[in-house]
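The block underneath contains the structure these notes are about, expressed in structure tokens.
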Amino acid sequence: MLTEPLLRVENLVKHFAGRRVLDGISFEVAPGEVLGLVGESGSGKSTTARCVARLTEPDQGRVTLAGRDVLAAGRRELRAIRRDMQMVFQDPYSSLNPRMTVAALIEEPLAVHRLEADRRRRRDRAAELLELVGMSAAHLDRHPRSFSGGQRQRISIARALAVGPRLLICDEPVSSLDVSVQAQVLNLLGDLRRRLGLSILFIAHDLAVVYYLCDRVAVLENGALVEIGTREQVYGSPSHPYTRSLLDAVPVPDPAVERARRSDR
Amino acid sequence: MTETLLAVRDLRIAFPGRTGPVEVVHGIDLDLARGEKVALVGESGSGKSVTARAVLRLDPDARLSGRIDLAGVDVLALPARRLREIRGARAGLVFQDPLASLNPVMTIGWQIIQPLVIRGVPKRIARRRAIDLLTRLGVRDAAHRFDDYPHQFSGGMRQRVVIAIAVIAEPALLIADEPTTALDVRVQARVLELLRELAAERDMAVLLITHDLGIVAGFADRAVVMRHGRTVESGPVEEIYARPRHEYTRALLAAVPRIGGDPSRPLAVIGEGETC
């Protein structure tokens, strides 16, 4: 990698109830790069994301974001680090406080990080962020319940972007959405990374979604990273049998392709 | 000419609302021949699930009108106490969440043989058939696992148990509502393969309800695309995927990310006023 990585993850190890769920995970994310983490349930992809964000403490390993040691950081430093690293979760229904208005939800991180003391300017910033994610500022005073799943996910993204992070960690951000809404959120994430130069660590079980959005892909199996490479390498010539078996199982939305596959088996 | 198994005509479904019944399905026609695999495809709110559930009158609140003929039985005219005659024997059911459809305090074996036991099949024979079926479905050491409880099985194995319950009474129709949505991709592929084999072996028709255009392409003979409680288009899957006639179908197909597609091109967005 030519440029210094934005995120460097080294040898993450984590046990839950005596079981090793992360078995020495290492990878890097360059500035402006989107890295996909794929794997089946129990592969450790969400735990990896949570350890990187330090929502879960790993037992061993090192996470460096823009040169700062995430795992060794004290409270004050961790807050500073989190300005550079924000998360978007799968379920936009439970990740937004239903009692808060959209304006309050987006302004909250600005207040927490003391980025904008002036209340009116905070609101202006919330309006800008809402428009950045493709929604009208007219929605600022509404509550999450009056929005669809896709709109809520946009609001979550606006909230995550409020503090101006360099890295977005998205944990299955589109897996509970309908295909048409999923397409809109994927288009939005692609658009944001181009416009803002964002890095994204994108966790998903859907290999086609990861293909669409990610420059590089890391494949996890039982807590171990079995393969990492560019999109073309991993999808075009997978080196690990586990990756191949995953790709073989992905249904293709083309009846002719599916028929040919079945007769091959 | 293949024999029609299920004929649905002008099916309308309404649920009680605050200001009177709210119609959610506005006149659907649907035909399945024996042994045919048909997918009911749509996004949330399309009415695909309630339509499938109506075939067996599973929602007691639903007001159904129109006509549903299942192997010669007028389903909508059937008295409630006779619904059991069609559920299980004429049509089996598989739902998305295998854990929610299994009773956690009964062994899987007990649950699998119920459709036979209530029809008077002796327990010993029912047990043997259940073990054969589980083995057929790829449950290793089925005789020993017969007395295990649902929590002792993985997600994929539980869904095999649910399928066993659905098909043990040899129904002519299997209704599968998002049967693989909760499963990992490799387990999904195996479960779909099993359903395909069972359908072929038994000349069993399958009505698959799904939002996933990928699994429809590999599984179904025909697809019915639904939106907002109406049929948008229907036909053989080859035709629908190669030459979708309706704009919504085209947009839906273009909204699906594909491995090998061009990631620099935005995915299609289905226009309808405000985004998402």
Side-chain angles (χ1 to χ4, degrees), chain A residues 34 38-43 133-136 139 147-154 174 176-188 190-191 194 205-215 231 235-236 242 245-259 261-262 265, chain B residues 41-46 154-156 180-190 192-193 196 210-221 223 227 236-242 248 251-272 274-276:
Chain A
V34 182
V38 302
E40 295 177 299
S41 39
S43 62
V133 298
M135 286 174 69
S136 159
H139 294 321
F147 295 98
S148 67
Q151 286 172 319
R152 287 181 213 211
Q153 203 54 301
R154 284 172 192 266
V174 296
S176 64
L177 304 177
D178 268 328
V179 57
S180 62
V181 181
Q182 166 179 291
Q184 294 178 20
V185 174
L186 288 174
N187 287 342
L188 173 68
D191 186 43
R194 275 186 295 274
H205 70 283
D206 184 328
L207 282 107
V209 163
V210 169
Y211 179 91
Y212 180 74
L213 196 68
C214 303
D215 308 309
R231 164 170 51 213
Y235 287 84
Y242 177 70
S245 73
L246 284 183
L247 287 169
D248 283 345
V250 176
V252 178
D254 182 335
V257 172
E258 283 287 337
R259 210 175 329 107
R261 270 178 145 189
R262 272 210 303 285
R265 272 180 197 145
Chain B
V41 194
E43 299 192 286
S44 33
S46 62
S154 68
T180 60
T181 304
L183 305 177
D184 278 325
V185 60
R186 295 185 304 171
V187 181
Q188 163 173 288
R190 280 198 290 274
L192 289 171
E193 190 58 42
R196 199 174 8 246
T210 184
H211 70 284
D212 187 329
L213 290 152
I215 70 173
V216 173
F219 185 82
D221 306 313
R227 188 187 198 196
V237 284
E238 276 81 2
E239 272 176 39
I240 287 194
Y241 281 68
Y248 175 71
L252 205 57
L253 283 165
V256 184
R258 288 159 200 253
I259 293 171
D262 179 0
S264 67
R265 281 180 51 185
L267 298 166
V269 165
I270 294 166
E272 196 183 279
E274 173 91 288
T275 49
C276 27

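Reminder, nothing fancy here: chain letters follow the sequence lines and each chain counts from 1.
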Give the member of [options] that has the highest number of heavy-atom pairs under 4.5 Å with chain A.
{"options": "V185(B), V237(B), T181(B), L183(B)", "result": "V185(B)"}
{"options": "G155(B), G214(B), A254(B), A251(B)", "result": "G214(B)"}
{"options": "A189(B), G45(B), P263(B), P266(B)", "result": "P263(B)"}

Let me know if [X] has heavy atoms under 4.5 Å from chain A in its side chain, its backbone, both or neither.
{"X": "R190(B)", "result": "neither"}
{"X": "V216(B)", "result": "neither"}
{"X": "A268(B)", "result": "backbone"}

Only pairs of heavy atoms separated by less than 4.5 Å count here; which of C214(A), G190(A), P255(A) has the most with chain B?
P255(A)
Relative to chain B, which of S41(A), G236(A), A256(A) shows the most heavy atom pairs under 4.5 Å?
S41(A)
Non-hydrogen atoms of Q188(B) and P251(A) that approach each other most closely
NE2-CG, 3.4 Å
For residues Y235(A) and I259(B), report the shortest heavy-atom separation together with the two atoms involved.
CD2-CG2, 3.6 Å
Atom group of [X] that falls short of 4.5 Å from chain B, counting heavy atoms:
{"X": "R194(A)", "answer": "neither"}
{"X": "L186(A)", "answer": "side chain"}
{"X": "V252(A)", "answer": "backbone"}
{"X": "Q153(A)", "answer": "neither"}
{"X": "L177(A)", "answer": "neither"}
{"X": "R152(A)", "answer": "neither"}

For atom CZ of R262(A), is the number of surrounding heavy atoms from other residues, nucleotides or ligands below 6.0 Å larger than 12?
yes
Could you give the distance from OG (S180(A)) to NE2 (H211(B)), rounded to the nearest 0.5 Å?
11.0 Å
Please report the interatomic distance CG(D206(A)) to CG(D212(B)), rounded to the nearest 0.5 Å.
8.0 Å
Residue list, salt bridge (Lys or Arg N to Asp or Glu O under 4.0 Å) with D191(A), at least two apart or on another chain:
R195(A)
Would you mind reporting whether [Y] and [X] have side-chain heavy atoms less than 4.5 Å apart?
{"X": "V179(A)", "Y": "E43(B)", "result": "yes"}
{"X": "R186(B)", "Y": "L246(A)", "result": "yes"}
{"X": "L267(B)", "Y": "Y212(A)", "result": "yes"}

Go through the steps for R259(A) and E238(B) under the test salt bridge (Lys or Arg N to Asp or Glu O under 4.0 Å), then give the verdict.
CA-CA 10 Å; R259(A) 210 175 329 107; E238(B) 276 81 2; 2.7 Å; yes
Quick one: does any side-chain atom of R258(B) pair with a main-chain N or O of P253(A) as donor and acceptor, under 3.5 Å?
yes
